[in-house]
Amino acid sequence: VSAGLPGIALGGIFFILSALAAPLVELVRTAQGQSSVARWLHLGRQFALAVAIIAAIDVTLRLVYVSVSAIGLSEQSPGGALAFALVPSGMSAGLLATLLAGAKGMQLWARARAEHPPPLRIRARLASRQKA
Amino acid sequence: MTTKLKDRLTVIVPAYNEAATLADTLRSLQRQTLPPAEIVVVDDCSTDETAAIAESFGVTVLRPPVNTGSKAGAQTFALDRVRTDLVMALDADTTLAPDAIELLLAAFDDPEVAAASGLVLPRRVSTVWERGRYVEYMLAFSFFKRIQDHYGKPLISSGCFSIYRTAELCAIGGWSSRTMAEDMDLTWTLYAADRKVRFLPQAACFPVEPHNLDFLGKQLRRWSHGFIQNVRLHWRSVLHLGYLRSVVAVAFWDALLASLAYLVLIPVLTVAVDPLVLLAYLVDAPVVLVPVVWQAFGRRETGRALASLPSFFVLRLVNGLFFLRAVCRELILRRPLLEYEKGH
């Protein structure tokens, strides 16, 4: 996601989904009069890039599946290549959704705590525990 | 319009023993299509010819009474004497494309924009570490960062080349030394103050990246610790910044999990289950290859990009090692990195 930080697994999916969702977001902005031709051109480039990445992942997974089947590690079955591609993609998407929901949950928890601080009695108990 | 803009900008170049690279940096500044009103080099008590080189270019040279201890300290030292409404930070080992300043200033047509940064690409692409970083930058700046900008939340306004509104910067006390990644700290502080940050890929800069493992280690230590320190420092405000919250959550998760997978899980499974598990190191190659080749093709650097690709997979193993080490020290042992180590 950022230079110097390893890993692009969930980040890759997250930004591909962001690029695919960008036209919808831009439609809303256009309706509000906050868009421009330059913004549409920019997002068009990112959208095309996301589609190209998905195509490349699909080809790679099919190649891996064929190779794995060819050397006898797995039996080839009808629709097997599709399942081979969908299972890890689905698991990653599920993990990403859980992660983002967790982050959103933390935000709601933080907001609730700010709006409704715990009763004085509990705060006093927490403070004494911290002192100890 | 452009003449007005020119009079609005001061450039601060923090420099500690930068005699080898400073001349190129100042030359690129003076050859801009829109030169700044003033260039200030902060000679942070260098022991080499840094000050003499800066003076030979006729720029303003400031020297703090003692070494400030960090890039952030040196930059903030010069902030007091900035009289223009925009200020630019430029690393002493970074050159600019001739039109970089002119292009980046366009971001400030929007009065809500407080900071803007441009495309970063290594100036030298020779060693395995420089090649790995070249691919990292091509990937990050051609795909990830452009989308972040589209959603209005670039993760960082890069410290090596960014322009800020001086008043906004002064209001938050300049660049802070409280973390090892002052650029990330500043960007997230601006978001918390409800200000906009932009990324303009057409404005390009070219830093010298670490050419050996020694320099790379110093840089990765700063970046890994800096990221964790900023997450700890800003997590409450980041939680309320929708898209940034998601980007940070995904970045932290990926960095942690990928480090464990690259350095522990894959080697163990390779030995215990099947050598073919080694393919897992390359399974995300398409996600890297497509944006990098796309960007490289536009720059007529396809050959260089393809030749550099293997280095990326080596570099990210090293990234993982330093990130895990930073997690252990910052979050488990509670021994934060406090000393700024220069290393490009």
Side-chain angles (χ1 to χ4, degrees), chain A residues 1-22 25-26 29 39 42-43 45-61 63-64 67-68 71 73 88 95-96 98-111 113-114, chain B residues 120 133 136-137 139-151 155-156 219-220 222-224 227 235-236 239-240 242-243 245-259 261-262 274 276 279 283-291 294 315-323:
Chain A
V1 173
S2 189
L5 295 177
I8 49 169
L10 290 193
I13 297 172
F14 174 74
F15 286 110
I16 287 169
L17 292 176
S18 293
L20 296 179
V25 177
E26 205 56 27
R29 290 181 63 99
R39 279 186 67 88
H42 176 253
L43 84 84
R45 177 195 186 274
Q46 298 311 112
F47 187 87
L49 205 45
V51 171
I53 293 170
I54 291 170
I57 292 171
D58 181 57
V59 169
T60 306
L61 287 175
L63 282 174
V64 171
S67 311
V68 166
I71 58 174
L73 284 175
L95 194 57
L96 176 63
T98 308
L99 181 68
L100 298 183
K104 178 68 183 171
M106 278 183 72
Q107 184 230 340
L108 295 175
W109 169 78
R111 185 186 289 172
R113 264 183 74 99
Chain B
V120 183
R133 184 53 55 73
E136 269 193 336
Y137 281 163
L139 176 63
F141 288 97
S142 72
F143 188 49
F144 298 148
K145 204 149 182 174
R146 286 174 193 242
I147 297 172
Q148 291 167 10
D149 181 64
H150 197 78
Y151 283 88
L155 185 63
I156 312 168
Q219 188 190 55
L220 287 180
R222 282 202 320 266
W223 287 5
S224 300
F227 177 60
W235 70 271
R236 283 185 183 82
L239 276 180
H240 300 288
Y243 194 75
R245 174 184 68 229
S246 302
V247 172
V248 173
V250 168
F252 197 91
W253 171 273
D254 260 0
L256 188 60
L257 198 75
S259 303
Y262 298 152
D274 195 302
L276 274 177
L279 282 174
V283 77
D284 55 355
V287 182
V288 182
L289 190 68
V290 173
W294 186 308
L315 177 62
R316 72 177 182 180
L317 289 179
V318 180
N319 288 345
L321 196 63
F322 278 90
F323 190 77

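Below, all heavy atoms of this structure are taken into account, side chains as well, without hydrogens, waters or symmetry copies. Throughout, protein chains are lettered first and strands after them, A, B, ... in sequence-line order, and every chain is numbered starting at 1. Just so we're clear, the structure is a prediction, and the values are computed from it rather than from any experiment.
Within the 4.5 angstrom heavy-atom criterion, no atom of B/Leu317 approaches chain A. Only the side chain of B/Tyr151 has a heavy atom closer than 4.5 Å to any heavy atom of chain A. Both the backbone and the side chain of A/Ile57 come within less than 4.5 Å of a heavy atom of chain B. Heavy-atom distances place the side chain of A/Thr60, and not its backbone, under 4.5 Å from chain B. Neither the backbone nor the side chain of A/Ala101 comes within contact range of chain B; no heavy atom of the residue lies under 4.5 Å from a heavy atom of that chain. With a 4.5 Å cut-off on non-hydrogen atoms, B/Phe143 touches chain A through its backbone and its side chain both. Using a 4.5 Å cut-off between heavy atoms, B/Ile156 touches chain A through its side chain atoms alone.
Annotation: side chain of A/Phe14 is in contact with side chain of B/Val247 (closest heavy-atom distance under 4.5 Å). Looking only at side-chain heavy atoms (C-beta outward), A/Arg111 and B/His240 come within less than 4.5 Å of each other.
Within the model, atoms CZ of B/Arg236 and CE of A/Met106 stand 9.5 Å from one another, a figure rounded to the nearest 0.5 Å. Note: B/Ser246 OG to A/Leu17 CG = 11.5 Å, rounded to the nearest 0.5 Å. Of the inter-residue distances, the one linking A/Ile53 atom CD1 with B/Asp284 atom CG reads 11.0 Å to the nearest 0.5 angstrom. Interatomic distance, A/Gln46 CD to B/Trp294 CH2, rounded to the nearest 0.5 Å: 8.5 Å.
Counting all heavy atoms, side chain and backbone alike, B/Leu239 lies closest to A/Ala110 at CD1-CB, 4.0 Å. When all heavy atoms of B/Pro291 and A/Leu49 are compared, the pair lying nearest together is CA-CD1, 4.0 Å. In terms of heavy-atom proximity, B/Asp254 sits nearest to A/Gly11 at OD2-N, 2.6 Å.
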Exercise for review: Dump the intermediate steps for side chain to side chain contact (heavy atoms under 4.5 Å, CB included) on A/Lys104 and B/Arg245, then the final yes or no.
Suggested key: CA-CA 8 Å; A/Lys104 178 68 183 171; B/Arg245 174 184 68 229; 3.4 Å; yes
Exercise for review: Quick one: do B/Arg146 and A/His42 satisfy side chain to side chain contact (heavy atoms under 4.5 Å, CB included)? Show the steps, please.
Suggested key: CA-CA 8 Å; B/Arg146 286 174 193 242; A/His42 176 253; 3.6 Å; yes
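Most heavy-atom pairs under 4.5 Å with chain B: of the set A/Glu26, A/Arg45, A/Arg29, this distinction falls to A/Arg45. Ranked by heavy-atom pairs under 4.5 Å with chain B, the list A/Ile16, A/Leu99, A/Val59, A/Ile13 is led by A/Leu99. Across B/Phe252, B/Phe227, B/Trp253, B/Phe322, the residue that shares the most heavy-atom pairs under 4.5 angstrom with chain A is B/Trp253.
The aromatic rings of B/Phe144 and A/Phe15 sit tilted, their planes meeting at an angle between 30° and 60°.
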